[in-house]
Structures are given as C-alpha cells and as structure tokens.
Amino acid sequence: MVTQETPAGSGNQRTRYLKIENITKKFGDFVALQDISLDIYKGEFICFLGPSGCGKTTLLRAIAGLDIQTSGRIEQGGKDISNLPAAERNFGIVFQSYALFPNLTVSKNVGYGLVNRRMGKAAIGERVAELLDLVGLSDQGSKYPAQLSGGEQQRVALARALATSPGLLLLDEPLSALDAKVRVFLRQEIKALHRRLGVTTIMVTHDQEEALTMADRIVVMNQGTIEQVGTPIEIYRNPMNRCVGDFVGIMNCLSGVVTGAASVRVGAMEFDCANGVGGLTEGQAVTVCLRPEEIAVRGVASGGANSFEARISRLEFLGSFYRATLEAERLGDMKITADFSINEVRDLTLDEGATIQIALPGEHIRIFAEA
Amino acid sequence: MTEGVTTLSAAAPLARPILSRDDWIMRWGMLVLGVWLSVAVVLPLYTLLSKGLEDHAGRFVGLANFAEFFATPVLFNSIYNSLTIAIISTVITITLAFVYAYALTRSCMPGKGIFKGIAMVPILAPSLLPAISLVYLFGNQGMIKGVLMGETIYGPIGIVMGEVFWTFPHALIIIITALSMADARLYEAAESLGTSKLRTFFTVTLPGARYGVISACFVVFTLVITDFGVPKVIGGQYNVLATDVYKQVIGQQNFQMGAVVGMVLLVPAVLAFIADRIIQRKQVALISARAVPYHPKPKTRFDMAMMGFCCVVGFMILGIIAVDAFASFIQLWPYNLTLTLYNYDFDLRDGGGWASYRNSIVMASYTAVIGTVIIFAGAYLVEKIRGFTVIRSLVQFMCIIPLAVPGLVLGLAYIFFFNHPDNPLEFVYGTMAILVICTVTHFYTVSHLTATTALKQMDPEFEAVSMSLKVPFYKTFWRVTVPVCVPAILDISIYLFVNAMTTVSAVVFIYSADTTLASVAVLNMDDAGEVASAAAMGMMIVCTSAGVRVLHALLTRGIARASQAWRVR
Ligand SMILES: Nc1ncnc2c1ncn2[C@@H]1O[C@H](COP(=O)(O)OP(=O)(O)OP(=O)(O)O)[C@@H](O)[C@H]1O
Ligand SMILES: [Mg+2]
C-alpha cells in the first residue's frame, strides 16, 4: 500500500481526523474496495480521483455509513464509527443529483436538518439566512429548486449539507452535472468556502483538472485500490506508476529496455535518465514516461544529450499552447506528443511537416517496469 | 500494491452494522405488513387448497375430490366451455382494441380525447350490467332480437358479447401504451427505404407493439375466464368454471367441490400471470432510452376511416349503457313503456334495498382510504428498507400474488379461512371489515405497482440526505415523499374506490344480511326476476363511479395547478 504521509498544504498542526483502516467492500463476489487504508487530517480538502467504476463512491458511502464496508475500521475524530448507522455519524453530503426536496422552498431545504434540533423558529431563520448568504443565494430563499439553475441548485445542496455544521463534508461528483463554465466558477466557490469554514472535505471526482486545482491531497484510485496519495504537485510530478501518470495529465509512454544504471534504449535511441532506473536490472523491459510539456525544443543542439531529430506530423492550436505529434526515425513507429508554447512556435517557426531537433530532458524521464 | 488476491487482511474486523432507530421501525413495519399479507392472502389460499383435499367431514381424502370433478361430465365440460369463451372473447377484444388504439395513437382524427373517454366507460360498471343490457336487446323479448337470426343470446354468444364490452378498456389501456412507445426513427428509416405502408405495419408496428398485445391478451383471457357476472346473467344452460364455483358453493353448499373448481380456475390464471411476467421482463430490455416519439401526419382518408371505426365502437359502448339506463326508467318492458322511477325504489325488493347502495359507498370509501394507506406505505417500505433482504423479497412476492388470484377464488378462500371456528379472527366474518380486507387484497397488486413506479421516480438519495441531517425517515416520508407522490396516491385511491363499487366476484361469498352491497344487489335482483331494478342499481353504480372519477379529475387538475411551481414537468 502506498500511503504518503503528507499533511494538509498549509496546516502546520496536523491532527488526524479520519482514519480508514483496511476497508474492504464486496458486492456478492465482486470486490469493489480492497484493503483500503488512508489517513485524513483535520481541515484537509481531499479528492478521490479515478476512472469510472473504481470504487470512489463506494468508499465515500462507506465513510458516510450509507453502505457499510464488509470489513475494516473507520475512526472519525478519535471515535470508532465502523459500525454506526449513517444517522449517528457526523457528516454532511452533497450528491451528484443534489437530491433537493422538490416540494420545499430553498429556505426549507436548507433548514431541513435544523427543524429537528429543538432550535427556535427565529434561530432557524437566522441560520438559514446566514447559510444562503454564505453560498450567495440570499434573495432566492422563497423559490423552489426547479426554478433555479443547476449551479444554484448545487449551492443550495451545499448550504443544506453545511447547515448542521458537520465535522466532515462529503461531495460525490458535485460539479459533474454542470456545464464547463459554471463548473470552473463553482470550483473556486467551493474552495473559498472550504478556506473560510475549514471543514474537512472529501470530494469524489473523475475530472483530474478538478482534483488538481482543488485538492490539498489527491487519492488516486484504480480497481478498488489506492494507487497513490499525495499533493497535486507530487501526483503530477512523481506518479508512482504508469497508471497514475496516465490518468493525471497526459503522459508519453514509450517502450524501452534498461541498458545501464541510468540509461534506457528506446528504438534506436539511448536515453540518459538522471533519476536512474529505479534499481531495475539491465535488459528489463520498461515504459519510459515523459510529460508533453517537458519536451525541449528551444536551444537543442544536434548531438546534445537525449536529443534527436523529429518531424512534426500534426500541430494543433489549443488556445494557450500548441500540441504537436512528433515522429522520429530513430524511435520507429512510436509517436511523441509534445506541448510547445506560442512563443516557441513563433520564434522557431514550427509548422506541420517541419523537421526539428528535440530533447527529452533526463531529469524528467520516469521509468516504470513493464507490467 | 495489492497482490490481486481477495483475502481479507487478518487485522481487519468484519463489519457488524448497528441498526439505527429508522432501521428498526422499518423492519417492524415490514414484519407487520408481512403478517397482514399472510393473513389476507397466503393463509386463506392455503386453507382453500387444503379444503380441496378434504371430504365433507373434514377428513383428508387426497385427490378424491379432483377425481370426482373429472369424472363428472357436467363439471368437466365447463373447462372446455370456459376456454372456448375466453379464447373467442380475447381474439375479438384484442382485435377491436388494437384498431381503436391504433386510431388513437397513429391517426390524426379529431376528438381523440372524447373517444378515449368513451372507451373507459365499461370500467365504471359491474360486469353484470352489459349482460342485462344484452338481455334487453337480444333476449326473448329483446328490442332487436331479429339481428341474431334465430340464435339465442342466452349462451356463448351473449357471454362473449358481454365479456368483449367489459374487457375492452383493459386491453385498450395496455395497447395504447405499447403503441405510444413507438420509435419515430424506425418509421423514418422505413420510409426512406421506400417500404410500403402495409409492409411497414407488419415489420415495424406489429413487432414494436407485440409485447403489449401479448400482455393484453393475457389480461383479457384471465379476466374472462375468471369473470362470473356475465355468464351468471346471460349464460343460460351454458356452464363455465366461474358459475360452477358459485353454484357449488351457494346453490349446493358443496364447499369441497367449490374449492376444487376454484383451484382449477386458479390454473389458467396463474399460468397467464407467469407468462405475462416473463414477457414483461423481456419488454423492459427492448425499450431504448433514446427512442424518439412518433407523431402521426394527417392523412384524410385514413383518418376518416379510423374515426368511422371509433364511432361504431363508441356507439356500441354508449348504446349498452343507454339501454340499461332506458330499461331502468321503463315501467314494464315491453308491455308498458311509461317512464317511471318505480324501479329505483329498491327497498321494495329483495337484495338489500337502498341500504346495499349505502353499504357499497361505505365499503368503497374504507377500501380507498385504508387500502391506499396500507398499499402506499407498504410499497415505500419494500422500496426503501435497508438490508432485511429475505423478508423483503418474501413480502414483495406476497404483494404480487393477488394479481394471479381470481376474485371468486379469493372470496371462497376467505370463507374457509375466516369462517373457521378455530380462527381467532373469526369475529370479522360477516362484517364490513372482511369486505374491506378482501377488496383491498383483491386489487392490491395493481395499486402496489402504481405506488412502486411513483416511488422509483423519486431521487433515491432523499433518504440518505435525511439520514445525514438526522431527520427520521418518517418525517421525510410525510414532508416530501407523500406530497411528491400525491398524483399516484390519488390514482390508487380512485382505482380502489371504483373497483370496490363494481366488484362482485370476491364479495359475493362473504357479504352478510347487514352488509349487502350494490353490485351484489344487482345480481340478486336479476336472479329474482327484478331485472329492471337490477338495471337501475347498475346505473347507480355507474353514475357513482363516474361522479367519483370526475371529482378525481378536478382534484388532480387542482393539485397540478397548486404544485406547478415546484413540479418538474
Ligand atoms: N450496489 C451494488 N451492487 C453491486 N455492485 C456495485 C454496487 N455499487 C457499486 N457496485 C460496483 O462497484 C464498483 C465501484 O462502484 P462505484 O460506484 O464506487 O464507482 P465510482 O468510482 O464511483 O465510479 P463513477 O465515477 O462511475 O461514479 C463498480 O464496478 C460498480 O459496478
Ligand atoms: Mg461514483
């Protein structure tokens, strides 16, 4: 199990809030979660990231007590909650569908959990107003959910989940039903809200950009297991394996063979890799990985380290940069994706069909044993 | 990384979920529902089955009663007669209903709403009513007796005509649904390939609707084979299974043979039920989520032909009702045609008088209210309970059984079960309560399915949200589930009310002198030769059902208006 003990980005006091130990969840014979262990610290914003069907929702529902795990322990705030029903746990939840009560006004929805708590009418009204203000819907209290836009509904659901001041906020793909623009806006809103309230938050997503921009730490999952836990930078820069690298961001994956303590051969090219080959023996088949934006094109001298000639077979303008598909004789049929800045394209007059000199910087190359 | 084997880590303790208060309440609720359904469905049926294996003194005799049944040609012949009637009626009803439904869904004829409304009228009447009208039309002194060219209406001809009238709307509803699910893209494809209209009909329309048509066939077949109102009034010497049960039990007090015939009657009903379930399961997979609804284009000649057909059918339906209404206001057909209200003076006649009408209203009201509460709450429990899988499946199964049990069989089972001296529940025998229990049970399944469909359309996470907010489930049920499901709840209650008004088969065995019902009064007055009064009581039932339906429509519209702010269309 790979669990990096990295605390919340800013917090210097790292109190553990949630301790997940060896959680396994089976549906009949199907193992949806396998032996998951994870620590979450107070005030953290955690994202569960992974492909569809990898068990993110299952893990979230186990934490909530909505679908209790088959085996394993969960501790929240020092208390063993493994077997407690959801109603006796301390969390607020927002679903992808929002699950707003259609026949109740926005105010009634937000105050739904308060009515049950022996609060006076006036106190409830005050708290609801405060929450609506918090999510920027002060003047929408008397509307019904169907009269709101998707983004507004999402914020009502958020306010309702926060109304009872839960210790843990669970969000299951809260933004996936929204269109791109609203999504980006709400990302910032949720982040700002998290900063203000400091509530420990777990968000499920399969959108890597969402995870990278919002999370203090990302938990990358695949097929019911955790692949890697780390800050967005760590995950992006140092993926533990090809799978993580492939899923978070774009990754060039070339097949090669280890030829020395710090060198690999891909096609007819010999690459030096500054990070070494991770103790793999010579002759071992490996995958050589490199991010498209790490590929150097400016000031690459012919015959320099890891450099070779390549032809631009495709050049796509993607707004703030260009994405190029490169072919090189020395790599055989393997193609490389490279991202070039607008400056580079202009200064070096890169164009489709042009032949250029590129380098794969050794310090950015990552080597993974072929499975 | 993990090793790919699914062994549990040795340290990981197995989860032993603690049940919440909600879970406990739901489980108790589920148990109560289970006990209720056992008493109302399972135990009576069990008693009936064991009764068939006993002799008059209650000794176990194995299959002796069955041997006697199959050795008695009069009884045995009824199987043949019942099947004949059921098959002929099914073929005619389905053909008429298909063309009618085709007109309503695939033509641009005017007045579709009115034609649909007219087609639903038979649902408002007990099955005795069309039979009485047919007697007035084609009987020995019938108005247009000559049409039969010497054949008698008292027998298979009359039974088939009555059954077709009575089962028509049931078939129509199902076929309309099947035809409305058509995918316009298929028709566009056929047209672009230059396929002829006729060929399109046979290669696109029929296959698309086939499951609906088959389902309608089973429904009509079962309704006909288990109906006893029509053959009772107009069957003459032509015996069918349903009338045999009645004759054995009421006429000869031969309960054992009644039970045997009842079980024989159960066989085709159960087989049709199972076949229909299998087919419906297939159909679900057939509906593509991306289907584009089909919108017919005006074609004058076709539309006019369709409208002509609907006019003829509609005229016949209204004609049958009109004949009954007319007969109820005539002094003495065919000798004295002066108009009179004399036939409505039910207190002068056997059969329970006006009290039976009042009883029916009371019974239907109780059935609608109590039935809706039990059925909706029950469907909610079955749908929302967490865990408890074995009991849940068991209860779910018990909710479905009543659909396969003919009313006569249910009523007979109730006699055996509730009239048993050792039964602590014997005190309900002969009361209004047993009539309500029996009627709720008789119509349980359709209502249960309506409730389940409505509940399935709600966001499944409402309960999860309530749990996270620590609001007990019953508060959310009351504040959210019920308001959102009001249309379905109203549908269920109106369905129960109208059926309670019109049903004869189940209650005919268990009413008492104090709890005579309007529908039974129609039967008894007809039996006693007071046919005009029977027609009059039939009209009372039709008018009451129709009135309640109108009320329901107004209420539904009012609620739709009041909730349009939040209801997503
Ligand atoms: N109630 C259930 N019964 C059987 N299998 C289930 C059940 N719930 C989930 N699964 C299976 O468990 C696996 C994990 O499901 P889960 O919903 O956790 O995926 P996810 O990571 O949230 O995916 P997505 O991004 O699509 O929401 C899936 O393969 C799913 O089919
Ligand atoms: Mg999910």
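Being a predicted model, the structure only gives us computed values, none of them experimental. Throughout, a chain's letter reflects where its sequence line sits, starting with A, and its residues are numbered from 1.
Both the backbone and the side chain of A/I93 have a heavy atom closer than 4.5 Å to some heavy atom of chain B. Using a 4.5 Å cut-off between heavy atoms, A/L100 touches chain B through its backbone atoms (N, CA, C, O) alone. A/F95 touches chain B through its side chain: at least one heavy atom from C-beta onward sits under 4.5 Å away, while N, CA, C and O do not. Only the side chain of A/I68 comes within less than 4.5 Å of a heavy atom in chain B; its backbone stays farther off. Contacts of B/R479 with chain A are made by both backbone and side-chain atoms, with heavy-atom separations under 4.5 Å.
Listed for the A/R61 side chain is no donor-acceptor partner under 3.5 Å among the backbone atoms of A/L66. Between the side chain of A/Q228 and the backbone N or O of A/N238, at least one donor-acceptor pair lies under 3.5 Å. Here the side chain of A/T201 pairs a donor or acceptor atom with the backbone of A/V199 at under 3.5 angstrom. No donor-acceptor distance shorter than 3.5 angstrom exists from the side chain of A/D39 to the backbone of A/K19, with no hydrogens or angles considered.
Rounding to the nearest 0.5 Å places CZ of A/R242 at 14.0 Å from CZ of A/R366. Of the inter-residue distances, the one linking A/N109 atom CG with A/T105 atom OG1 reads 7.0 Å to the nearest 0.5 angstrom.
Per-residue heavy-atom pair counts under 4.5 Å with chain B were compared for A/G113, A/A163, A/A99, A/P145, and the maximum is reached by A/A99. Looking only at heavy-atom pairs under 4.5 Å with chain A, the residue among B/I18, B/V471, B/D23 that has the most is B/I18. Put simply, of B/L19, B/V484, B/T481, B/T476, the one with the most heavy-atom pairs under 4.5 Å next to chain A is B/T476. Residue with the most contacts toward chain B among A/S82, A/S97, A/A157: A/S97 (heavy-atom pairs, distance under 4.5 Å). Per-residue counts of heavy-atom pairs under 4.5 Å with chain B were compared for A/R160, A/E21, A/Q69; the largest is that of A/R160.
Other residues, nucleotides and ligands place no more than 12 heavy atoms under 6.0 Å from the NZ atom of A/K108.
For the residue pair A/Q140 / A/K143, a side-chain donor-acceptor distance below 3.5 Å is found, with atom types taken as modelled. In this model, no donor atom of one side chain and acceptor atom of the other lie less than 3.5 Å apart for B/S20 and B/D22.
Contact check on A/K25 versus A/D67 returns no salt bridge, with no Lys/Arg side-chain nitrogen under 4.0 Å from an Asp/Glu carboxylate oxygen.
Along residues 83-92 of chain A, the residues that come nearer than 4.5 angstrom to chain B, judged on non-hydrogen atoms, are A/N83, A/L84, A/P85, A/A86, A/A87, A/E88, A/R89, A/N90, A/F91 in order of number.
A perpendicular orientation is assigned to the rings of B/Y495 and B/F443, their planes being inclined by more than 60° (bins at 30° and 60°).
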